[in-house]
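Here's the structure, in structure tokens; my notes come after.
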Amino acid sequence: MSSALKPAHHSSAERSSICELKQLSVNLNPFPHVISSEFIAPNAYQELCRSFPQCPPSTGPTGFSLFWGDEGYARLLEEQPAWRGLFDTFQSQRFIEWGRQQFAMVWERAGCKINLSDVRYVSYREDRIDKERATLRKVEHEPHELWVRMDIHQGQVGYDRVVHVDHARRLISMLIYMCDQTENRMVGGELFLHDEARSKADTGITPRHNLMVAFPCTAGSFHSVSEITSMAAPRNYVQVHISSSTNVWPREAASSNWKLRLRSLTRRLRRLH
């Protein structure tokens, strides 16, 4: 790993200038998630959009992506300060703490297998092979030592995602849209959140500039993307994961016991609002 790809060590004030890592209201239906309509500082966001890279054909859900470890990703971080700032914001203990606190009422009650009171950030790069695997080929860190992916994606015509949950080692998934469905004349490409694997979508989220969606990757966090059938410009977005090296969630969503646990969690969270 070259020095250009190592997370930098900036002050909290410098990092906070890129993203507003404040605590947000948790939406409870169909599963806990948060939404921010202006997640990245406007000036930085404009620079990110202006310099958003053309992603080459590759692995990943869209088939067009740049991941940490790719030559184009390294060049982007070296040449574009806004992208370096975004990367460093996520590669930090501060971001781990944001996630831990944001969903504090979710972890234990949703079956998280690790104690988040002593979690700490570690710098670790999951390669393209392991990203597609349910388990890592080699575990190098303890379960409470968390690391972060920041992936750059472009959805093209034909892109969709069937209803699914993310890997059980993912603690949190975050999506940041750097496009607008109306501007792009995009048909399809909405993110849908589902109550269960075979249910119709309860919540639909349309890509909008600087819109962020994040959720714990529990056994009940079923989501999908509708097929893009036409567009004038790509569906540009960044996906961020806070991850452990081992599975942190049960994968029992089909069982009646798990559904009852999710309903109980929702009732408890509602009482706090």
Side-chain angles (χ1 to χ4, degrees), residues 26-37 39 55 58-65 67 103 106 110-111 131-134 149-182 184-231 233-243 247-255 258-259 261-263 265-266:
V26 178
N27 302 292
L28 303 175
N29 292 316
F31 54 80
H33 65 282
V34 296
I35 297 175
S36 173
S37 59
F39 183 62
C55 295
S58 55
T59 59
T62 64
F64 299 87
S65 62
F67 294 168
F103 297 107
V106 175
K131 182 185 183 299
E132 305 302 323
R133 291 171 51 92
R149 294 190 61 94
M150 188 188 87
D151 301 333
I152 304 170
H153 293 281
Q154 285 186 310
Q156 305 283 357
V157 171
Y159 166 63
D160 68 350
R161 297 298 310 275
V162 299
V163 181
H164 68 286
V165 294
D166 293 333
H167 290 320
R169 64 179 173 274
R170 308 294 191 217
L171 203 69
I172 293 175
S173 280
M174 174 184 284
L175 298 163
I176 308 168
Y177 295 104
M178 297 188 179
C179 64
D180 181 273
Q181 187 184 49
T182 302
N184 287 13
R185 303 198 297 278
M186 186 189 311
V187 179
E190 298 93 348
L191 172 69
F192 289 111
L193 309 182
H194 301 257
D195 182 51
E196 54 185 86
R198 293 180 177 85
S199 75
K200 292 184 179 179
D202 282 6
T203 301
I205 299 169
T206 299
R208 296 284 184 245
H209 280 300
N210 211 357
L211 181 72
M212 181 277 283
V213 184
F215 51 85
C217 302
T218 68
S221 59
F222 291 101
H223 53 289
S224 66
V225 178
S226 60
E227 182 181 3
I228 299 175
T229 57
S230 65
M231 58 167 45
R235 183 183 187 267
N236 294 342
Y237 69 100
V238 169
Q239 184 170 37
V240 181
H241 285 120
I242 297 179
S243 188
N247 288 353
V248 298
W249 301 105
R251 283 295 180 247
E252 309 162 348
S255 73
W258 180 248
K259 291 178 185 177
R261 289 173 70 186
L262 287 176
R263 292 192 187 106
L265 169 64
T266 300

Distance, nearest 0.5 Å, that separates CG of Leu191 from OG of Ser224: 7.0 Å
Shortest non-hydrogen contact between Asn184 and Ala233, atoms and distance: ND2-O, 3.3 Å
Within-4.5 Å side-chain heavy-atom neighbours: Trp249 and Pro216: yes
Trace of the side chain to side chain contact (heavy atoms under 4.5 Å, CB included) decision for Ile228 with Val187: CA-CA 6 Å; Ile228 299 175; Val187 179; over 6 Å; no
Under 3.5 Å donor-acceptor, Ser221 side chain and Val165 backbone: no
Shortest non-hydrogen separation from Pro61 to Lys131 and the atoms involved: CD-NZ, 4.0 Å
Straight-line distance of Thr229 OG1 to Met186 CE, nearest 0.5 Å: 10.5 Å
Check: Asp180 side chain, Thr182 main-chain N or O, donor-acceptor pair, under 3.5 Å: yes
Check: Arg235 and Val225 side chains under 4.5 Å, non-hydrogen atoms: yes
Other residues, nucleotides, ligands: >12 heavy atoms within 6.0 Å of Arg133 CZ: yes
Side-chain heavy atoms of Phe67 within contact of His153, under 4.5 Å: yes
Spacing of CD1 belonging to Ile172 relative to CG belonging to Asp166, to within rounding of 0.5 Å: 12.0 Å
Donor-acceptor contact below 3.5 Å, side chain Arg169 vs main chain Ala134: yes
Donor-acceptor pair, side chain of His241 and main chain of Gln239, under 3.5 angstrom: no
CZ-CD1 distance between Phe64 and Ile152, expressed to the nearest 0.5 angstrom: 15.5 Å
Heavy-atom closest pair, residues Cys179 and Pro234: CB-O, 4.1 Å
Any side-chain heavy-atom pair of Val26 and Val34 under 4.5 Å: yes
Check: Gly188 main-chain N/O paired with Gln181 side-chain donor or acceptor under 3.5 Å: yes
Flag, side chain of His164 to backbone of His223, donor-acceptor distance under 3.5 Å: yes
Contact check, side chains of Leu211 and Ile35, non-hydrogen atoms, under 4.5 Å: yes
Expected output: side-chain Ser65 to main-chain Thr59 donor-acceptor under 3.5 Å: yes
Donor-acceptor under 3.5 Å (Gln154 side chain, Cys55 main chain): yes
Ile205 CD1 to Leu175 CG distance, which is reported to the nearest 0.5 Å: 8.5 Å
Side-chain heavy-atom pair Thr62, Tyr237 within 4.5 angstrom cut-off: yes
Validation row: Phe215, Val106 side chains within 4.5 angstrom (heavy atoms): no
Heavy-atom pair of closest approach, residues Ser173 and Cys217: OG-SG, 3.2 Å
Distance-only donor-acceptor check, side chains Arg170 and Ser243, under 3.5 Å: yes
Least distance between heavy atoms, Pro207 atom then Tyr177 atom: CB-CD2, 3.8 Å
Steps toward side chain to side chain contact (heavy atoms under 4.5 Å, CB included) verdict (Arg185, Ser230): CA-CA 8 Å; Arg185 303 198 297 278; Ser230 65; over 6 Å; no
Any donor-acceptor N/O pair, Ser226 side chain to Gly189 backbone, under 3.5 Å: yes
Any side-chain heavy-atom pair of Met231 and Gln156 under 4.5 Å: yes
Contacts of Arg149 that satisfy salt bridge (charged side-chain N to carboxylate O under 4.0 Å, His left out) - sequence neighbours left out: Glu126, Asp151
Working for side chain to side chain contact (heavy atoms under 4.5 Å, CB included), residues Asp202 and Asp195: CA-CA 7 Å; Asp202 282 6; Asp195 182 51; 3.5 Å; yes
